[in-house]
A.B. asks: 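Input: one structure, supplied below.
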Amino acid sequence: MADHSKTSSLEGASNGHGEHHVDTNEEKVPDLPQYLYTALERLAPKEGFTEGNFTIEFDFGSSKGDGFVGQMFKAEITEGDRKEMYLCKIPPLDDARREQFGSMGAFARESLVYDQFLPMIYEYQRRKGVTEKEDGFFHTPRCYHAHCNEAAQESVIIMEDLRMRDFQLWSKYRIIDYEHASLFMTHLGRLHAISLAMKRDEPEKFEQFKLPNPFDEMLMSDGPFRNMILSQFQMVIDALDERDTVERAKMEQLKEDVFDELSRCGKGQLAEPYTVVGHGDCWTNNMMFRYEDGNPTEIVLIDWQVMRYVTPVQDLVYFIFCCTDEAFRRKYYKEMIDIYHRSLSTMLAKLQHDANELFPRSELDKQLQEYGRYGILMGMFLVPMMCTRNEDLPDIEAMAQRMAESKQLNESFFKTTESNQDAFAKRMSDVVKDTIRYGYI
């Protein structure tokens, strides 16, 4: 049996199986589920550790605000002088948080991504002659283990710690710049191109990944998130100046239709034949970058818990309207769309297909007109969070407990505070005005 210990940069504690590690501060790693230890014990020999001779220690793997439907812990496996670090993603330890916010469904989806979808598209590219990461889409973390048992409410995803390879997160407080945004658009185009090509080449294999919108049940007008959604949307309206009469009128109308629009934008069948498997959560906290001479040269997409089969526009406008600002969009919006479609076209050619047949630029423009308002529908959740300091984020466990008791979430996920109100009002009102300017509303 391996020796298990839990340590933290803040405080360590023994779980009864191994050594006791103590630090000087207050917070400690909580008691972790046995299935996590079991998964690591099974992984260790596959990684070359000797059965019975290794120890496992845990530490916190992320900061507050970095994860919503899961929790991250670092696991260090040690044998003699050898130490290896792994990131372990598990459902929330808090029962209410896990049950109220659909964590198990999200973990089932992400486990499917790492266990089946990504290996499938990697192998497909290689069969088509795309073998180098510089030429295709191979830009995800290495995953060592992915398993989900929804009935038992157990799931663990064990992956590499990208920080060990010098990958870094872009700060959520900063507007993305041209170099990082263009790198993302290039790889998003490649990812979407693989869907379009595989649908044509291997429809039977591809079929199982036509997953519906994971938020369908949550977003119904009579669902448990009704009041929260209306509250978040009212924040959008309140961000507008009283003189913005046209914008306010359009937002009041959109508020009347918000549940229908959330549903419509998530229905993949409406976007056929251009529907793709999308990442679904394309903001800066879900991508990491590696640099050479200060310039971003490599990107990795993480957090695939809301992957779905949907219009490609969802990933595009989610990123552009949430991660850029009005000044960036005025200068680069069209160029970002051009970079995306040019990359998609190039990738399709490598896969022996023609973009003029599978997804012409004219059809992309039509899809943008049809679904571009999704930028507001997601911006109302994400923009206030991106303007909020981590220490001011809500207590998710307490929120989940109140929801369990009332069967309805009667509050905004992310509220404006004195520290972020002005920043939110500026960014959100600019999202509204730009969406109107591009003709999406």
A.B. asks: Please collect all ring pair (Phe, Tyr, Trp, His ring centres under 6.0 Å) contacts where either partner lies in residues 216-255, sequence neighbours excluded, each pair once.
C.D. replies: none
A.B. asks: Sequence neighbours left out, what passes salt bridge (Lys or Arg N to Asp or Glu O under 4.0 Å) with E84? Give chain and number order.
C.D. replies: R82
A.B. asks: Residues two or more places apart in sequence or in another chain: which of them pass salt bridge (Lys or Arg N to Asp or Glu O under 4.0 Å) with R42?
C.D. replies: none
A.B. asks: List in chain and number order the residues that pass salt bridge (Lys or Arg N to Asp or Glu O under 4.0 Å) with D325, two or more places apart in sequence or in another chain; answer none if no residue qualifies.
C.D. replies: none
A.B. asks: I'd like to check the side-chain contact (heavy atoms from CB on, under 4.5 Å) partners of D135; sequence neighbours left out, ordered by chain and number.
C.D. replies: V130, E132, K350
A.B. asks: Does anything in residues 428-438 form a salt bridge (Lys or Arg N to Asp or Glu O under 4.0 Å)? List the pairs, not counting sequence neighbours.
C.D. replies: D244-K433, R329-D434, K426-D430, D434-R437
A.B. asks: Suppose we screen for salt bridge (Lys or Arg N to Asp or Glu O under 4.0 Å). Which residues come up paired with E207, at least two apart in sequence or across chains?
C.D. replies: K210
A.B. asks: Who are the side-chain contact (heavy atoms from CB on, under 4.5 Å) partners of S263, not counting sequence neighbours?
C.D. replies: K267
A.B. asks: With sequence neighbours left out, write down each residue that passes side-chain contact (heavy atoms from CB on, under 4.5 Å) with C148, or none if nothing qualifies.
C.D. replies: M104, F107, A108, S111, E150, S155
A.B. asks: Residues two or more places apart in sequence or in another chain: which of them pass side-chain hydrogen bond (donor to acceptor under 3.5 Å, both in side chains) with T140?
C.D. replies: Y122
A.B. asks: Which pairs count as salt bridge (Lys or Arg N to Asp or Glu O under 4.0 Å) when at least one residue sits in residues 363-377, sequence neighbours excluded?
C.D. replies: E261-R373, R264-E370, R361-D365, E363-K366
A.B. asks: Taking distance alone, no hydrogens or angles, what donor-acceptor pairs closer than 3.5 Å link side-chain atoms of residues 184-196 to residues at least two apart or in another chain?
C.D. replies:
unit_1	atom_1	unit_2	atom_2	d
T186	OG1	S182	O	2.8
H187	ND1	L183	O	3.0
H187	NE2	H139	NE2	3.3
R190	NH1	K133	O	3.4
R190	NH1	E134	O	3.4
R190	NH1	G136	O	2.7
R190	NH2	E134	O	3.0
H192	ND1	Y340	OH	2.7
H192	NE2	D315	OD2	3.0
S195	OG	V277	N	3.0

